[in-house]
Protein chains: 2
Amino acid sequence: MRASEKAYEALREDIIEWRLLPGAVLGEVEQSERLGVSRTPLREALSRLTAEGLTTAAGGRGVVVTDISLADIDELFELRETLECKAAALAARRGDAALFEQLQKELLDAPGLIGAHDPARHDYYGLVGRLDTAIDAAISNSYLAQAMRSLRIHLVRVRRLAADDAERLTAAAGEHAAIAEAIAARNPRLAEAATTLHLHRSLSHLKATHTAH
Amino acid sequence: MRASEKAYEALREDIIEWRLLPGAVLGEVEQSERLGVSRTPLREALSRLTAEGLTTAAGGRGVVVTDISLADIDELFELRETLECKAAALAARRGDAALFEQLQKELLDAPGLIGAHDPARHDYYGLVGRLDTAIDAAISNSYLAQAMRSLRIHLVRVRRLAADDAERLTAAAGEHAAIAEAIAARNPRLAEAATTLHLHRSLSHLKATHTAH
DNA sequence: TTTGCACTCAGTGTATACAGAAACCGCCAA
DNA sequence: TTGGCGGTTTCTGTATACACTGAGTGCAAA
C-alpha cells in the first residue's frame, strides 16, 4: 500500500473513532513521525481529509479536526434525506428485485445478529453496508453515488456519538427491511417514504442520546 | 498566491474550457514545467482535480482528463435536480424575500444584457451566479451547499458544450426569474416546480445542441 | 504600566534528488 | 508471423533540504 494511502486511512480512522478530537491540531512533522511516513505523503493525506471536510486548514498553523455541532447533524441529515430518498426511489425503478428481496430476508433476521456476542456489531453493520452498496449499484448514477459516499464518511463519525443500544438497532433493522421490501416491490414512492421514516427515527434517536450526554 | 493554488486554477480552467481534452494525459514533469511550478505543488493540484472528478488516476501513467458522455450528462442532471429542487424549496422557507424580489426584477431585465455586446455573456452569467450565491446563502446548510458547488464545477464544463444562443439564454433568464419569484413568495413547492422546469429545459437544449455536433 | 516594534522560532510551502515500478520496445523462438 | 520475455526508459512515489511566512515573545520607550 502507498504511504499516502496508509496515512490517510490511519488519520481518517483516528478522526472517525474520536481518537483525534475536534480542534486537535495535526502538525505535518508531528503526524508524519507518528505514522512513520515522510511529510510529502502525509500532506496528500491531509489534503484529502480537508477536501472531505473532516479537517479544515487553519491558515498557516496546520490543519485542525473539524467540529460537529448539533446544527451540523441537522444539516447532514437534511442532505442525507434528500440524497437517500432519491436513491431509494431510483433503486426501486432500476434495481434487481431478487437481490433486494434477499436483503430484506436477511434484515428481518438481523435481530439475531444483534443479540450475538459482537460488541462492534460487525455483522449487523456489514449487512447494512451491503444494502447501501446494493442501492449504490442499483441507482447507476456515479455522481449521486459519489455524493452519498462523501456523506457517509461524516455519518459514520456521527454514528459513534450515539449509543448503539440493541433496541434501536433492532428497530433500525426493521426500517431497513422496509426499504429493501419497497425497492424489491419496485415502488419508488414507498421506498422514499420508508427512507424518510428511517432517517427521521435515526435522527431523533441520535439527538436524544446526544443531548443526554 | 500559493504555487499549488495557481497550478490548480490553471489546470481547472484548461479542463473546463476544453483546452485540455478528455483523455489527455497530464504528466507531472510535463505540466510542472508548463505551469512553472515544481512537482510537489502540482501533485497537490492533480489530487484536488481527481477528488473533484475532473481527472482520474490512470494507474502508473499519470492522470487523464475525464470524459463526459451523454449518459454522464443525464446522471449529472439527475443529481442536479435532486439538489437544486431541495435548495430552492429550502430557500423559499428560509431566504430573505426582499433579496430574491430584487433578483427577480434584474432577471426580468436580463434580455437587455444578452443583447449587449458581450461575447462571453459575462454580465448574464454574473447575474445567474448571484442567484446561485443567494440560494446557497439562504439554505444555510453547508453540506448541501458544498455538494452543489462540487456539482457546478462539472456543469460549467458541460455548459461550454452547448451553443449559448441568445434565444435559449433569454428563455433561461425567464425561468430563473420564476425561481426567484417563487422563493420571494415563500412558496417551496412552487420554487421546486420552477427549478424542475428550468432544469428539464436546460437538459433538453443541451442534448439537442450536443447531438447536432 | 502599556503599547509598539523587532527578533526569534516553529511550521508550512516548495524544490529537488533518489528509488521503485510499470510500460514500451526490440529480440528471439516457436 | 506472432507471442513471449527481458532490457531499457520514463514515469510516479517518497524523502529531505531549504526558504519564507506568520505568530509569539521580550524589550524598550512613552
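What's counted below: heavy atoms across the whole structure, side chains too, no hydrogens, waters or symmetry copies. Please read these numbers as outputs of a predicted model, since none were measured by experiment. In what follows, every chain begins at residue 1, and chains take the letters A, B, ... in the order their sequences are listed.
When atom types are taken as modelled, the side chain of Glu33(B) and the backbone of Glu30(B) share no donor-acceptor pair closer than 3.5 angstrom. Side-chain atoms of Arg94(A) do not come within 3.5 Å of backbone N or O of Ala138(A) as any donor-acceptor pair. At least one donor-acceptor pair closer than 3.5 Å links the side chain of Trp18(B) to the backbone N or O of Arg157(B).
Inspection of the Thr133(B) and Asp136(B) side chains reveals no N or O donor paired with an N or O acceptor under 3.5 Å.
The six-membered or imidazole ring of His200(A) lies away from that of Phe77(A), with a centre-to-centre distance of 6.0 Å or more.
The nearest whole Å value for the distance from the CD atom in Glu33(A) to the C1' atom in dA10(C) is 13 Å. Between the C1' atom of dG11(C) and the CD atom of Gln31(A) lies a distance of 14 Å, rounded to the nearest Å. Atom CG in Leu42(B) sits roughly 14 Å away from atom P in dC11(D) (whole-Å rounding). Atom CD in Glu30(A) sits about 8 Å away from atom P in dG11(C), given to the nearest Å.
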Could you tabulate the donor-acceptor pairs under 3.5 Å formed by side-chain atoms of residues 1-10 of chain B, not counting sequence neighbours?
{"from": "Tyr8(B)", "atom 1": "OH", "to": "Glu52(B)", "atom 2": "OE1", "distance (Å)": "2.9"}
{"from": "Tyr8(B)", "atom 1": "OH", "to": "Glu52(B)", "atom 2": "OE2", "distance (Å)": "2.6"}

Mark up nucleotides 12-22 of chain D, 5' to 3', with B wherever a protein heavy atom is under 4.0 angstrom from a base atom, S wherever such an atom reaches only the sugar-phosphate, and - elsewhere. BBBBBB-----
